[in-house]
Amino acid sequence: MNNSRYFKFEGPWSDAEVKLLCLDTGSWRTHRPVVDIDQCIFCGICALFCPTQCMKMTPDGFDPNLDFCKGCGICANECPARAIEMTLQGDNE
């Protein structure tokens, strides 16, 4: 299959103007990330490693956009400050 009509450049990520991973999570996500603002060091590693790029910076730290978060836990695994905890979807909503 020729991907040239989809991608301008060969690489693992989409071109900035092409949205590939913006899919609503629906009801299948079982866990969600919760950021402890007091522990967040604003390093941005969670946003860098997030496969759907849904971590957004706020004045208080980084928060996931839960409309697009898949609950994979990569952000919590990569956080050097251990400021992100994966909790069950129904807890503390």
Side-chain angles (χ1 to χ4, degrees):
M1 180 172 138
N2 183 358
N3 288 331
S4 62
R5 69 179 189 184
Y6 300 111
F7 304 108
K8 293 180 188 173
F9 307 101
E10 185 176 334
W13 295 100
S14 67
D15 296 322
E17 63 234 14
V18 178
K19 296 181 180 180
L20 296 178
L21 300 175
C22 293
L23 302 173
D24 193 358
T25 57
S27 61
W28 55 266
R29 182 180 61 229
T30 58
H31 288 79
R32 63 185 174 84
V34 176
V35 180
D36 183 346
I37 297 167
D38 295 329
Q39 283 187 265
C40 181
I41 60 173
F42 293 87
C43 65
I45 291 177
C46 58
L48 181 67
F49 278 92
C50 179
T52 56
Q53 301 172 359
C54 67
M55 292 300 281
K56 59 185 176 187
M57 187 173 186
T58 66
D60 297 323
F62 283 86
D63 287 321
N65 181 340
L66 294 177
D67 291 337
F68 302 107
C69 175
K70 309 301 185 230
C72 66
I74 292 174
C75 58
N77 188 54
E78 296 298 329
C79 178
R82 299 291 174 231
I84 303 172
E85 180 182 346
M86 297 303 291
T87 61
L88 288 174
Q89 177 62 31
D91 294 349
N92 300 323
E93 280 192 67

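Residues E78 and L48 form no side-chain contact, since every pair of their non-hydrogen atoms from C-beta on lies 4.5 Å or further apart. For the pair L88/H31, a side-chain contact is recorded, criterion being any heavy-atom separation below 4.5 Å from C-beta on. Two residues are said to be in side-chain contact when any heavy atoms from C-beta on lie closer than 4.5 Å; P64 and C75 fail this criterion. Using a 4.5 Å cut-off on side-chain heavy atoms (C-beta onward), M57 and F42 make contact.
Rounding to the nearest 0.5 angstrom, the gap separating the OG1 atom in T52 from the CD1 atom in I74 is 8.5 Å. We find the CD1-CD1 distance between I45 and I84 to be 10.0 Å, quoted to the nearest 0.5 Å. Taken to the nearest 0.5 Å, the CZ atom of R29 stands 5.0 Å off from the SG atom of C69. In this structure, SG on C46 lies 3.5 Å from CE on M55, to the nearest 0.5 angstrom. To the nearest 0.5 Å, the span separating NZ on K56 from SG on C50 amounts to 12.0 Å.
With sequence neighbours excluded, no residue forms a side chain to side chain contact (heavy atoms under 4.5 Å, CB included) with N77. Residues that satisfy the side chain to side chain contact (heavy atoms under 4.5 Å, CB included) test with E85, not counting sequence neighbours, are T87.
Taking every heavy atom of both residues into account, M86 and A76 meet most closely at CG-CB, 3.9 Å. Contact between A47 and F62 at its shortest, heavy atoms only, is CB-CE2, 4.0 Å.
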